[in-house]
Amino acid sequence: MYLDLKNYTNEHLSGKILIHVDGIKVKEEEIDFSIEPGEITGIEIPLAIPKDTKQSIFTLHATPIVKIKENEFSLPKFNLPLVANISGMAEVIQGPDEDKITLITDYWAIRIQLERANIFFSRRYVEDTKIRSSFEIGPPYGFDLDRTLKFDYGVKKDGNELTLILKGNSIQVKGLRIIKNIRVVPGVKEVEHWIELENIEHQGSITTGGRVNTTRGGGLNVNPIGNFAKVYTPIFNKYIECDPTFPVMTQNLVSDKPEDWNESWTAGELMGEVNISALIWNPENIEKIKINQGFLSDLESKQTSLKLGEKVSVVHFWYAHSYSSLREVRTRWNQLIGQKEMSFEESLYGVQTTAPITATLKDNNILTKGTITQKTIEMLSVTPYPLPGKLSLILPDKWNGFFVTPEGKQQQIEMPELVPNSKTPIEIELTIPDDTLKSSDIVRLHFSGEFEMDFDMAVMLKGGSEIRIQEEKTEEQEVLMVENGNLRFKVPKKIGGDLIQLEDSEGNSFLLDSFPKVGPKFFMESYLGGIQPAMFHTSEDNPFAELENTETEEVSEGDWVGVKTTWINEKSERLKGQKYSISYLTLPDSNIIRIKIENVNETPRKVNTIVAMIADIALKGETSDNVIRVPGGMKNWIRNRVQKPFINQANMEEVWVRVEKDEVSLSFMSALGFFGSSTIFDGQVLLINILLSMMETEPYQTSKSEFVIMINQPEEAIEEVRKGLAKNQC
């Protein structure tokens with residue numbers, strides 16, 4: 001322990017401090033000091049708390065004794081509570097300042113001013129990550145006589161729960177009692193807080209309400225600890241992810257109507273930490289919701305008429321820190337308040353967030369090489385934040401583009417006024433060169449004004465070739481061959497649903513197969529090869545069952561053309577009777593194949609399916625000299641094949657794997673918003689990639705999943721394609 005001594009006199013002072021701690025033996029009970037006029041000096045007090053103690057609060061008694069001309073004078077005793085760092089603690093302590101108390105647990109240091117009962121919630125040991133809860137009666141708000149009201153407090157324990165109860169009789173409204181409750185549990189990183197109003201003496205009725213402010217402080221703040229790197233706000237049926245430096249999600253702009261909030265929480269990811277803090281509130285009796293920089297700022301209750309003896313809870317919220325993910329925040333909100341039936345994907349993977357201002361291409365994002373194309377950009381903002389400034393287009397190399405306006409074609413235009421939650425159209429004209437070898441690219445809308453902002457729109461590129469689909473035979477086994485000008489592949493018509501014999505226009509092959517023979521290979525008893533689907537139940541003993549009998553046909557979805565193979569599951573006992581289909585779709589002159597998977601459940605059972613797409617990789621027909629690129633925990637890794645087994649860890653955020661050899665490459669991925677994993681296994685005797693997703697299909701419903709493969713495109717195209725085929729784009 002350290003105590004600071006300051007000499008307020010004009011004389012040199014010396015003496016000693018007598019130290020005593022209840023329940024702890026102090027190594028030095030007398031500590032000498034010598035201090036000059038105006039000096040501040042530190043006194044070190046060595047303490048040793050017994051390891052086996054169950055006591056969490058100790059009191060240090062320090063008595064300064066000053067020596068003046070050989071005489072000793074004893075000064076008033078200083079009493080300081082000490083809190084031991086032990087588990088399972090929850091205590092209320094009062095220090096030298098009798099107007100302040102502190103509620104301490106393993107994870108919380110909650111400070112309360114008894115005058116007005118302002119509450120400061122903070123993580124223990126981290127002083128700057130706190131919010132303040134202040135309360136006033138109204139309406140109207142702003143002129144509050146209760147700011148001088150002093151509250152009494154009491155403590156209630158129920159098992160391991162501790163509830164601090166603060167009570168004060170209002171000066172503002174005669175006969176009204178304000179009751180503030182704070183409930184904690186040792187070892188839990190969540191605190192519950194609710195405020196009640198009670199008519200204690202008014203013989204008629206009292207009509208009133210209340211407003212709580214949960215500010216995180218204001219003014220100049222240069223301390224980075226406790227600042228948010230990102231904030232999350234669930235409004236207008238969207239999950240808005242925003243940088244708090246961009247002041248678009250502020251209380252004067254965001255709707256304060258509870259009906260516009262799809263869920264009652266806000267959250268923030270702390271700067272420099274993988275750590276999310278959240279405020280969750282009960283929407284009952286709430287009339288207005290206000291936020292500051294995306295995080296809850298004010299909750300204003302409806303007015304209530306209270307007869308004598310009646311009590312109402314006007315505001316009720318939970319504040320928690322150290323959530324690991326946004327999914328965990330929503331799960332806790334659902335347990336406390338929501339009681340919402342979340343979809344399988346929501347509960348397993350979370351939700352897809354969006355920016356507060358977005359720009360997307362209307363209808364679709366497919367552009368044709370060698371053409372002049374008219375497109376409409378739709379800008380959408382959740383708030384009316386004013387953005388005076390200029391818009392310009394930043395286009396790929398050799399592209400041309402303009403804004404199309406009533407005055408003609410323009411290189412720049414003024415940013416239009418954005419109407420909250422409404423799409424604002426911007427007409428553009430793009431000229432795409434016909435010699436581009438890319439199958440995807442980025443069209444960037446740049447804003448220059450108060451901020452410099454880029455809105456990236458991923459586009460998919462197609463050529464002028466026709467997609468040719470024809471039937472072929474191999475040893476009397478029928479296949480459908482798909483050719484788009486850049487690649488070709490085959491799908492057996494009657495068995496398996498595999499994608500086989502993938503080649504580029506130069507004749508380079510990418511996959512191995514045994515078609516038309518089916519036999520064992522490595523861990524699969526029924527192997528056909530190429531990219532082979534395996535559908536199995538989560539509790540299946542043998543996930544790699546025999547291949548199913550299938551029906552395959554041509555199919556098109558807008559510009560996407562290919563084949564669809566369908567079967568009724570007969571080989572798996574737990575999935576018997578389930579209808580599955582896989583569509584392999586591509587664009588003219590594209591290097592991309594979409595793999596769309598669907599389960600149609602026509603039974604009264606809820607079915608859980610694991611979908612595995614197993615690719616037997618051999619670039620140019622060989623597994624030697626194949627170079628593997630995978631995302632890691634901190635960076636992307638390049639791995640040369642050696643005589644040692646290898647498997648990369650699955651990554652739910654960067655779902656891709658890439659294999660290269662000379663000038664050819666093969667990439668596996670999922671699009672944004674489609675959830676799965678991509679894992680590559682180098683087993684020495686073979687090199688396989690497994691695309692994996694999980695589907696839960698309710699009775700008489702349909703579930704979908706999707707993956708993408710891409711050949712002979714640069715690594716940076718992976719993110720372009722993932723964005724270009726995102727769930728909200730398809």
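Because only heavy atoms are used, hydrogens play no part in the values below, and waters and symmetry mates are left out as well, while side chains stay in.
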Begin from the C-alpha positions of K438 and E720 and carry the test salt bridge (Lys or Arg N to Asp or Glu O under 4.0 Å) through to its verdict. CA-CA 11 Å; K438 299 193 69 175; E720 294 174 2; 3.2 Å; yes
Give me the one residue out of W333, F236, W281 that meets ring-ring contact (aromatic ring centres under 6.0 Å, His included) with W261. W281
Give a yes or no on whether E417 atom CD has more than 12 heavy-atom contacts from other residues, nucleotides or ligands under 6.0 Å away. no
Does any non-hydrogen side-chain atom of M460 lie less than 4.5 Å from one of N365? yes
Any side-chain donor near an acceptor of the partner, N237 and N262, under 3.5 Å: no
With side chains defined as the heavy atoms from C-beta onward, is the minimum distance between N285 and V314 less than 4.5 Å? no
Heavy-atom pair of closest approach, residues I531 and P533: O-CD, 3.7 Å
Around K288, counting heavy atoms of other residues, nucleotides and ligands shown, do more than 12 lie under 6.0 Å from its NZ? no
By the definition side-chain contact (heavy atoms from CB on, under 4.5 Å), identify the one residue from I688, I690, I628 that meets it with I680. I628
Just checking, R594 and W560: is the charged tip under 6.0 Å from the six-membered ring centre and within 45° of the axis? yes
Count the heavy atoms of every other residue, nucleotide or ligand shown that sit under 6.0 Å from NZ of K340, and state whether that count exceeds 12. yes
A side-chain contact here means heavy atoms from C-beta on lying under 4.5 Å apart; do I718 and M710 qualify? yes
Heavy-atom side-chain contact between F447 and E452 under 4.5 Å: no
Is R330 close to E346 at the side-chain level, that is, under 4.5 Å between some pair of heavy atoms? yes
Parallel, tilted or perpendicular: rings of F451 and Y385 (30°, 60°): tilted
Could you walk me through whether R658 and S667 satisfy the side-chain hydrogen bond (donor to acceptor under 3.5 Å, both in side chains) test, starting with their C-alpha distance in whole Å, then the side-chain angles of each, then the deciding distance to 0.1 Å, before giving a yes or no? CA-CA 4 Å; R658 178 177 174 84; S667 301; 3.0 Å; yes
State, with a plain yes or no, whether a side-chain heavy atom of M694 is found less than 4.5 Å away from one of V611. no
Within a strict 4.5 Å, meaning less than it, do heavy atoms of the I377 and L361 side chains meet? yes
Any side-chain heavy-atom pair from S122 and W108 closer than 4.5 angstrom? no
